[in-house]
Amino acid sequence: MNSVVTGLGAALPKKIILNNDLPDSLNTSDEWITQRTGIKQRYVAGDGETTASLSVEASRKALAMAGVSPNDVDLIIVATVSGDYTFPATATIVQRELNAKNAVAFDVSAACSGFIYALDIADARLKLAKNKCALVIGAETFSRLLDWTDRSTCVLFGDGAGALLLQSENSSRGIQSCILHSDGTGIEYLKTNGGVSSTKNVGFVQMNGQEVFRAAIEKFNDALQELLLYHNMTINDVDLIVPHQANSRIIEKLITLSGIKREKVLITVDKHANTSAASIPLAMSELGCEIFKKNNVVLLSMGAGFTWGAALIKFNTNLE
Ligand code: UT7
């Protein structure tokens with residue numbers, strides 16, 4: 001049995017903030033942000049828009065694409081670090097709103113790598129026949145974790161959600177493998193300066209950008225090489241890479257180091273900024289049904305912790 005992607009969907013808040021719309025008090029510029037990050041704009045959640053509401057909208061689109069009823073969904077995982085409540089899990093709110101009463105629902109916290117971590121758990125449960133139909137969602141309202149007076153972080157992030165519907169299928173397509181890694185010695189480089197148990201609040205994002213930048217390049221490439229080796233593939237066998245969208249310069253380095261053709265790498269950071277766990281499924285959703293015309297699609301992530309990982313999904317084995 002394989003876990004096959006049969007639907008995908010995305011949701012973005014209504015409000016867009018262009019680089020030029022950022023307040024003068026931040027003392028930043030479109031030129032600095034574009035040159036250093038590739039970001040041109042970010043979506044920011046307004047009143048009534050939450051991680052759960054964006055997750056629900058993205059999930060409805062994924063279900064509609066697959067033609068699947070919420071009744072058939074038996075697993076919902078939301079990867080997020082900006083859930084609606086400290087508890088219960090945002091996934092349970094999604095379950096209630098979708099009326100997916102047959103699902104088991106929980107959240108996964110692995111920062112920007114959360115989506116690949118969630119995908120791995122869902123894939124394992126489907127392969128073990130514990131579930132048959134899973135919504136795997138990456139969703140964030142990261143803007144609510146930002147200190148909007150700190151130009152070194154607030155210009156970098158945005159909000160959004162992406163959802164994949166996975167179904168058990170007796171076929172060679174679907175998720176081939178997920179590779180996960182963590183290194184807790186990286187905690188201090190990217191974290192919030194608060195949390196329920198330490199400060200009784202959620203805190204704001206703090207980052208040592210240069211250390212994270214260096215680590216991201218190294219971890220992206222390590223995970224990609226590990227995945228290729230495991231599957232006895234070369235970079236030429238890869239049809240599409242969907243990397244976590246944090247900085248276009250990190251993605252450019254990945255292109256140089258790996259030798260992948262530029263047109264095989266999806267870049268959406270200009271439009272979405274860094275949406276943490278949402279970035280990979282949001283980027284995939286930008287392709288819509290086009291993604292089903294590719295075969296070997298590689299997902300790559302790196303985030304706070306540090307956490308990093310890779311996944312190989314075959315969408316169209318007829319091309320082999
Ligand atoms: O999602 C998890 C993964 N996250 C990432 O991968 C993020 C990784 N890091 C990065 O993307 C980059 O390190 C940043 C975009 C965060 C920063 O770029 P950088 O080229 O590493 O810049 P820097 O931190 O070395 O700062 C250079 C200068 C500093 O000024 P001085 O000290 O040289 O005078 C900063 O104060 O740029 C200044 N600066 C800004 N200037 C204008 C920092 N932020 C801004 C800003 N606008 N928004």
Side-chain angles (χ1 to χ4, degrees), residues 1-10 58 61-68 115-116 118-127 129 132-138 162-180 220-245 251-252 254-269 271-272 279-301 308-320:
M1 279 294 189
N2 255 344
S3 317
V4 173
V5 179
T6 54
L8 68 170
K61 290 178 187 165
L63 288 166
M65 183 188 277
V68 166
F115 184 75
I116 292 184
L119 204 63
D120 184 52
I121 297 166
D123 179 42
R125 290 191 62 90
L126 263 59
K127 286 201 167 98
K132 287 187 178 140
C133 182
L135 270 170
V136 184
I137 303 157
L164 257 57
L165 190 76
L166 298 179
Q167 290 182 269
S168 290
E169 195 179 285
N170 199 355
S171 89
S172 58
R173 64 187 186 130
I175 297 175
Q176 307 297 301
S177 67
C178 299
I179 290 169
L180 308 183
F220 265 9
N221 199 47
D222 285 357
L224 174 62
Q225 298 310 327
E226 186 181 342
L227 192 78
L228 293 177
L229 194 66
Y230 181 73
H231 288 284
N232 199 17
M233 287 166 61
T234 74
I235 197 70
N236 297 327
D237 299 320
V238 176
D239 300 310
L240 179 71
I241 294 185
V242 187
H244 168 53
Q245 307 285 318
I251 300 174
E252 291 297 336
L254 172 75
I255 292 170
T256 310
L257 284 173
S258 67
I260 184 102
K261 290 195 177 116
R262 175 179 301 272
E263 61 270 23
K264 289 184 172 181
V265 181
L266 194 53
I267 303 182
T268 59
V269 68
K271 189 174 164 189
H272 299 145
S279 95
I280 290 175
L282 253 182
M284 291 171 83
S285 298
E286 283 286 301
L287 283 184
C289 290
E290 284 297 301
I291 203 157
F292 294 99
K293 295 183 184 159
K294 315 269 178 200
N295 191 24
N296 291 316
V297 175
V298 171
L299 316 182
L300 288 177
S301 73
W308 66 103
L312 175 67
I313 309 177
K314 284 186 185 287
F315 278 85
N316 190 339
T317 43
N318 294 332
L319 299 173
E320 284 179 350

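Side-chain atoms are counted along with the backbone in the values below, which use heavy atoms only and exclude waters and symmetry mates.
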Determine the minimum heavy-atom distance between [X] and [Y], stating which atoms define it.
X    : Y    : result
A122 : A134 : CB-CB, 4.2 Å
G7   : F292 : N-CZ, 4.4 Å
I179 : A223 : CD1-O, 4.3 Å
A163 : A62  : O-CB, 3.9 Å
P243 : L254 : CB-CD2, 4.4 Å
K61  : G9   : CB-CA, 3.8 Å

Nearest 0.5 Å, please: how far is [atom2] in [Y] from [atom1] in [X]?
X    : Y    : atom1 : atom2 : answer
L287 : K293 : CG    : NZ    : 10.5 Å
L164 : L119 : CG    : CG    : 6.5 Å
L229 : T234 : CG    : OG1   : 12.0 Å
I116 : L300 : CD1   : CG    : 6.5 Å
L8   : E286 : CG    : CD    : 10.5 Å
S3   : I313 : OG    : CD1   : 9.5 Å

(request) For side-chain contact (heavy atoms from CB on, under 4.5 Å), just list the numbers for L282 and F115, CA-CA rounded to whole Å, side-chain angles, deciding distance to a tenth of an Å, and then say yes or no. (result) CA-CA 11 Å; L282 253 182; F115 184 75; over 6 Å; no
(message) Between Q245 and L266 (side chain of the first, backbone of the second, donor and acceptor by atom type, cut-off under 3.5 Å), is there such a pair?
(response)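 The answer is yes, because a donor-acceptor pair under 3.5 Å joins these two groups.
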(request) Indicate yes or no for a side-chain donor-acceptor contact from Q176 to the backbone of G174 under 3.5 Å, with no hydrogens or angles considered. (result)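 Looks like yes, one N/O pair under 3.5 Å.
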Taking C-beta and beyond as the side chain, do [X] and [Y] meet within less than 4.5 Å on heavy atoms?
X    : Y    : value
V5   : M284 : no
N221 : S258 : yes
S177 : L227 : yes
F220 : H244 : yes

(message) Is a donor from one side chain sitting under 3.5 angstrom from an acceptor on the other, for S279 and H272?
(response)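 Short answer, no.
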(message) Show me the pairs that pass salt bridge (charged side-chain N to carboxylate O under 4.0 Å, His left out) and involve residues 233-244, at least two apart or across chains.
(response)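 Sorted result for residues 233-244: empty, none.
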(message) Which residues pass the side chain to side chain contact (heavy atoms under 4.5 Å, CB included) test with T6, not counting sequence neighbours?
(response)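 Applying side chain to side chain contact (heavy atoms under 4.5 Å, CB included) to T6 gives V4, A66, L165, Q167.
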(request) Show your working on side-chain contact (heavy atoms from CB on, under 4.5 Å) between K127 and N2 and close with a plain yes or no. (result) CA-CA 6 Å; K127 286 201 167 98; N2 255 344; 3.2 Å; yes
(message) More than 12 heavy atoms of other residues, nucleotides or ligands under 6.0 Å from NZ of K132: yes or no?
(response)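 Not buried by this count: 12 neighbours or fewer within 6.0 Å.
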(message) Using the rule side-chain contact (heavy atoms from CB on, under 4.5 Å), only one of N295, V298, N296, I291 pairs with L240; which is it?
(response)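 Among N295, V298, N296, I291, the one meeting side-chain contact (heavy atoms from CB on, under 4.5 Å) with L240 is I291.
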(request) Would you please test L166 and L126 for side-chain contact (heavy atoms from CB on, under 4.5 Å) and show each step? (result) CA-CA 9 Å; L166 298 179; L126 263 59; 3.9 Å; yes
(message) I'd like to check the side-chain hydrogen bond (donor to acceptor under 3.5 Å, both in side chains) partners of E263; sequence neighbours left out, ordered by chain and number.
(response)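 By the side-chain hydrogen bond (donor to acceptor under 3.5 Å, both in side chains) rule, E263 matches no residue at all.
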(request) Would you check, one step at a time, whether the test side-chain contact (heavy atoms from CB on, under 4.5 Å) holds for L228 with V238? (result) CA-CA 9 Å; L228 293 177; V238 176; 3.7 Å; yes
